[in-house]
Number of protein chains: 2
Amino acid sequence: MPEKAKELLKEHGLRKTFGRQQVLIYFRERSTAVSHGDLCKVFPEMDRAALYRIIQDFEEKGIVHKVPDDEVSVKYAFCASSCTAEEHHDHHLHFKCDACQETYCLPEQETPKIYLPEGFRANSTEVLVHGFCKACA
Amino acid sequence: MPEKAKELLKEHGLRKTFGRQQVLIYFRERSTAVSHGDLCKVFPEMDRAALYRIIQDFEEKGIVHKVPDDEVSVKYAFCASSCTAEEHHDHHLHFKCDACQETYCLPEQETPKIYLPEGFRANSTEVLVHGFCKACA
DNA sequence: TTAAGTGCAAAATCTTTGCAAATGT
DNA sequence: ACATTTGCAAAGATTTTGCACTTAA
């Protein structure tokens with residue numbers, strides 16, 4: 001994976017713009033998932049609509065992935081590795097702290113093998129564990 | 001578990017109103033999760049705000065549970081059994097079909113044991129499996 | 001130069017809230 | 001009769017869209 005945001009954008013077929021670089025760097029430096037609203041607070045000078053489009057482009061190109069959430073809005077986190085527009089490979093667990101409300105990606109953990117009822121075919125599995133994180137426990 | 005919607009409401013400390021009975025019966029008869037928007041379509045004669053409040057009351061009292069979703073809005077499904085206002089016991093899997101977009105509860109399946117990094121403490125686990133359901137496979 | 005991205009404004013949705021009228025116990 | 005719930009209307013948030021202007025390649 002390229003070190004520079006610039007290269008990462010290029011690699012995923014996106015033009016290197018100021019906004020995208022800022023947001024990409026922010027995602028890379030975080031271990032927890034953020035919503036669109038969160039990003040608006042982090043980048044108050046950026047346009048809301050532009051942020052929606054940046055997130056959307058990043059998700060389509062495999063730079064960030066959706067993290068299912070039980071609050072109102074979806075969250076996003078930086079893709080672990082090797083995700084492309086064709087396929088995401090973020091088969092790791094997510095952990096949401098009931099105290100600080102942060103959602104962590106836990107990439108060391110593989111998703112467990114799930115056995116489905118007859119007739120169901122699985123493509124991918126999302127796991128969201130609730131509890132207290134290291135900082136809040 | 002009581003057979004009648006009326007009794008179920010009473011058991012959870014909610015008054016038996018027409019709207020609540022309708023919605024409760026609807027939830028009981030479904031095997032897939034629905035959003036507020038879905039309910040509005042099913043009950044176009046009911047007030048949006050009232051539906052929000054019904055869902056909220058049901059969730060608080062342990063009649064339905066939230067199902068994390070990767071779309072815009074949260075979904076809800078009927079509680080398997082014995083959930084109360086104090087504690088939900090819906091530790092089953094959810095399955096979302098990539099074709100028909102329905103989210104199923106898979107109550108036969110126990111959630112797998114998850115091993116977390118040092119310092120993290122789990123309370124509950126939500127699993128959302130993506131793939132093709134029986135009807136679409 | 002020209003295809004793509006941004007900023008701004010407006011529309012469309014979604015969610016919450018307050019309060020008078022209706023309903024359940 | 002009294003507390004709760006509903007219906008309606010308004011406000012607040014969130015998300016999407018269109019289009020002129022700017023920027024990247």
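Lettering of chains follows the sequences in order, A, B, ..., and the numbering in each one begins at 1.
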Where do Leu9(A) and Ile63(A) land on the side chain to side chain contact (heavy atoms under 4.5 Å, CB included) test, with the steps shown first? CA-CA 8 Å; Leu9(A) 288 172; Ile63(A) 295 176; 4.3 Å; yes

Please assess Gln22(B) against Met46(B) for the test side chain to side chain contact (heavy atoms under 4.5 Å, CB included), listing each intermediate value before the final yes or no. CA-CA 10 Å; Gln22(B) 297 284 101; Met46(B) 279 194 215; 3.6 Å; yes

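Closest contact between the side chain of Arg48(A) and the listed nucleotides dT6(D), dT15(D), dG7(C) involves dT15(D). Comparing atom distances between the Tyr52(B) side chain and each of dC14(C), dT14(D), dT6(D) picks out dC14(C) as nearest. The side chain of Asp47(B) has dG7(D) as its nearest neighbour among dA9(C), dT6(C), dG7(D).
Across the protein-nucleic acid pair, His36(B) atom NE2 and dA13(D) atom C1' stand 15 Å apart, rounded to whole Å. Summarising the geometry, the separation between CG on Asp38(A) and P on dA13(D) is reported as 16 Å, rounded to the nearest angstrom. For Gln22(B) and dG24(C), the CD to P distance is 13 Å, given to the nearest whole Å. Atoms NZ (Lys61(B)) and P (dT4(D)) sit 10 Å apart, rounded to a whole Å. Counting to the nearest Å, the C1' atom of dT16(C) and the CG atom of Leu51(B) are 14 Å from each other. For the pair Lys41(A) NZ and dA13(D) C1', the interatomic distance rounds to 11 Å; values are reported in whole Å. Note: CG (Leu9(A)) to P (dG5(C)) measures 11 Å, nearest angstrom. We find that NZ of Lys16(B) is positioned 20 Å from P of dA22(C), with the value rounded to whole Å.
In this structure, Arg53(A) reaches the bases: a heavy-atom distance under 4.0 Å links it to at least one base atom across the strands shown.
Between Thr17(B) and dT4(D) there is no side-chain polar atom (N or O) within less than 4.0 angstrom of OP1 or OP2.
Side-chain atoms of Asn123(B) and His130(A) include no donor-acceptor pair closer than 3.5 Å.
Nearer the 5' end of DNA chain C, as judged by each residue's closest nucleotide, is the contact made by Gln56(B), out of Phe18(B) and Gln56(B). Both Arg15(B) and Ala49(B) sit near DNA chain D, but only Arg15(B) has its closest nucleotide nearer the 5' end.
Using a cut-off of 4.0 Å between Lys/Arg side-chain N and Asp/Glu carboxylate O, Glu102(A) and Arg30(A) are scored as salt-bridged.
For the pair Ile25(B) and Ala5(B), the tightest heavy-atom approach, listed with the atom from each and the gap, is CG1-CB, 3.9 Å.
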